[in-house]
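Here the structure comes first, spelled out in structure tokens, and everything after it is commentary.
Values below: all heavy atoms of this structure, side chains included; hydrogens, waters and symmetry mates excluded. All values reported here derive from a predicted model rather than from experimental measurement. Within every chain, numbering begins at 1; the chains are lettered A, B, ... in the order of the sequence lines, protein sequences first and strands thereafter.
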Amino acid sequence: MNAALETLKERGFLKQCTDLDRLSKLMDEGPVTFYVGCDPTGPSLHIGHMVPFFAFRHLHEAGHRGIALVGGGTARIGDPSGKSEMRKMLSYEQLDANSASIAAQLDRFIGFDGTTAYTENNKDWLADLNYIDFLRDIGRHFSVNRMLSFEAYRMRMETGLSFIEFNYQLLQSYDFLQLYKRRGCRLQIGGDDQWGNIVAGIELIRRVEGAECFGLTFPLVTTADGKKMGKTEKGALFLDPAVTSPYDFFQYWRNVADADVERFLLMFTFLPAAECRALGNATDAGINQAKERLAWEVTALIHGKDEADRALAAAQAAFGGSKAGDVSQIPSRELSGEELDHGMGVLDLFVYAGLVPSKSEARRLVQQGGAIINDRKIDDEKTVVDSSWLDAEGALMLRAGKKRVFRILRR
RNA sequence: GGAGAGAUUCCCGAGUGGUCAAAGGGGGCAGACUGUAAAUCUGUUGGCUUACGCCUUCGAAGGUUCAAAUCCUUCUCUCUCCA
């Protein structure tokens, strides 16, 4: 098999391919242009979006040309694949803003050079389509009977599928056709929920252009306990540091289940496969360290090495005994000296730190023995904390349970 | 357009006049055990309050009643069947 495909397979990226043998042969012959689509439904990508882009990098490094297609046009409709309900429609302005920030995030990760890796926005060819022409040229190639047999639509026959969403597949197929004509794109990659849409595009190109194109999908990544990966208590794991802080991002990977370590190393880092396996097969203290490595590597890829170092230092300070790490890297907030001198109730302090959303929860935390300040367990909710509590660095280290840490700094 | 069913807390889902901040499950959080893991067990899970208690919540707005998630009216939305 072609080396690049072999890499993808070895790292667990391969789920389905329309014709692996012929694709392999084509890739052996020379650089192949491929694309991944991504609809700008939010202002930031989350880690679940990234699987195809990790694959993008593997293929790009192997010398193939990649296009990241931002779906500024298709997002106007909404992809029903894998969704049990219609998603709410976003305004065009919103979509344009999202497109721009997503393209920037992808650029940081992939490094578009404009020749072997670049972005396109399907808004450019979809926004002004003429309905009648589109139906005559493209629509006639689609069989409703066949479309209804796709899993993505069958699923929605129960709950209802609007006509606008039913058209999504035509637009995505048209994208592939456009990229084939404009850029000679021969391969579309994407999550396995895109299989139906990808296959439809390949068929459209065959009918209209008589050319052979390929599709390759990646498995939906779930955690060992069967949850969708990248879900945290605050929602998805976003790439935007303003939404998910690098520290929280790091902690997500740090806390992954043993059984997921190897798989995640293979898919979300670029460490050699053999090393990933060795790390993932470790036990006890070894597997625990492997998680630290995993967390650092992924954080470095998304937020840069500096942020990864900071997150690691903070984590070590928070969990590894106070001397190992760097407490100044733990998430923190300032509190005025005046207020500290007056003293502040513990409940308010925990709310101020954002460790709990309300005083009731803070009270619960104290009652359940999960509230700790500077290694002192708080068992009375009426406790008042003042300047005399400050540690050597003039700070308060608040802990909510064993995993969440926050520092209050005197200003 | 016609007929019927429905909308309950983060999710699913019970509740048909007061004993309802609302059963049960899921999820979340905390504790124990550990390795910042999994599994298991225990507790907890609207807000404010030291506490008695007070306030807000059962699709929306009105109404009946001493008292409404529960009854009535109108509205919005969803689903099923018919056209």
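- The separation between A/I287 atom CD1 and B/rA38 atom C1' is 11 Å, rounded to whole Å.
- On a pure distance criterion of 3.5 Å, a polar donor-acceptor pair joins the side chain of A/Q251 and the base of B/rU36.
- A/V261 comes within 4.0 angstrom of nothing in the nucleic acid, heavy atoms only.
- With a cut-off of 3.5 Å on both pairing distances, B/rU34 has no Watson-Crick or G-U wobble partner at all.
- Residue A/A371 is classed as having no contact, given no heavy-atom separation below 4.0 Å to the nucleic acid.
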Inset, instruction - At under 4.0 Å between heavy atoms, which parts of nucleotides 44-57 of chain B does protein reach? Answer with one letter per nucleotide, 5' to 3': B base, S sugar-phosphate only, - none. - result: SS-SBBS-------
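- B/rC12 and B/rC71 have their C1' atoms separated by 28 Å, with the value rounded to a whole Å.
- When the P atom is used for both B/rA5 and B/rU9, the distance is 22 Å, rounded to whole Å.
- Note: A/D175 CG to A/N197 CG = 10.0 Å, rounded to the nearest 0.5 Å.
- With respect to A/E307 and A/R310, a salt bridge is recorded, a charged nitrogen being found less than 4.0 Å from a carboxylate O.
- Rounded to whole Å, atom C1' of B/rU36 lies 19 Å from atom CZ of A/R293.
- Separating the CZ atom of A/F350 from the P atom of B/rC29 is a distance of 16 Å, rounded to the nearest angstrom.
- Qualifying side-chain contact (heavy atoms from CB on, under 4.5 Å) partners for A/L340, counting only residues two or more places apart in sequence or in other chains: A/L335, A/S387, A/L390, A/L396, A/R410.
- Nucleotide B/rG1 forms a pair with B/rC82, judged by Watson-Crick or G-U wobble geometry with both contacts under 3.5 Å.
- Each of A/K377 and A/A259 was matched to the nucleotide of RNA chain B holding its nearest heavy atom; the match closer to the 5' end belongs to A/K377.
- Comparing the C1' positions of B/rC10 and B/rU80 gives a spacing of 28 Å, expressed to the nearest Å.
- Side-chain rings of A/F54 and A/F218 stay apart, their centers remaining 6.0 Å or farther from each other.
- One interatomic measurement links the two molecules: CZ of A/R404 to C1' of B/rG28, which rounds to 10 Å at whole-angstrom precision.
- Across the protein-nucleic acid pair, A/D379 atom CG and B/rG43 atom P stand 21 Å apart, rounded to whole Å.
- Between A/G401 and A/N288, the one whose closest nucleotide on RNA chain B sits nearer the 5' end is A/G401.
- Pair assignment for B/rG43 gives B/rC29, based on Watson-Crick or G-U wobble hydrogen-bonding distances that are each under 3.5 Å.
- Checking B/rG35, B/rU36, B/rU34 against every side-chain atom of A/K403, the shortest atom distance belongs to B/rU36.
- The distance from atom CZ of A/R399 to atom P of B/rG31 is 11 Å, rounded to the nearest whole Å.
- Atom-to-atom, CG of A/L365 to C1' of B/rG43 comes out at 13 Å; the value is rounded to the nearest Å.
- Atom name P, nucleotides B/rA69 and B/rG63: the rounded distance is 16 Å, in whole Å.
- Base pairing analysis places B/rA51 opposite nothing; no Watson-Crick or G-U wobble pair with both distances below 3.5 Å involves it.
- Of the nucleotides present, none pairs with B/rU56 by Watson-Crick or G-U wobble criteria with both distances under 3.5 Å.
- Taking atom C1' in both B/rC66 and B/rU73, the straight-line distance is 23 Å, to the nearest Å.
- Distance noted for atom C1' between B/rU45 and B/rG24: 15 Å (whole Å).
- The aromatic rings of A/H58 and A/F270 are tilted relative to each other, their planes meeting at an angle between 30° and 60°.
- When both pairing distances are held under 3.5 Å, B/rU16 makes no Watson-Crick or G-U pair with any nucleotide shown.
- Taking the six-membered ring where the residue is Trp, the centroids of A/W253 and A/F264 are separated by under 6.0 Å.
- Rounding to whole angstrom units, CZ of residue A/F319 and P of B/rU36 are separated by 9 Å.
- Within the cation-pi definition used here (under 6.0 Å to the ring centroid, within 45° of the axis), A/R57 qualifies as a partner of A/F109.
- Classification of A/K359 and A/E381 as a salt-bridged pair fails, no side-chain N sitting under 4.0 Å from a carboxylate O.
- B/rA39 sits 11 Å from B/rU34 when the C1' atoms are compared, rounded to a whole Å.
- The one candidate from A/I102, A/L106, A/I302 that meets the side chain to side chain contact (heavy atoms under 4.5 Å, CB included) condition with A/L239 is A/I302.
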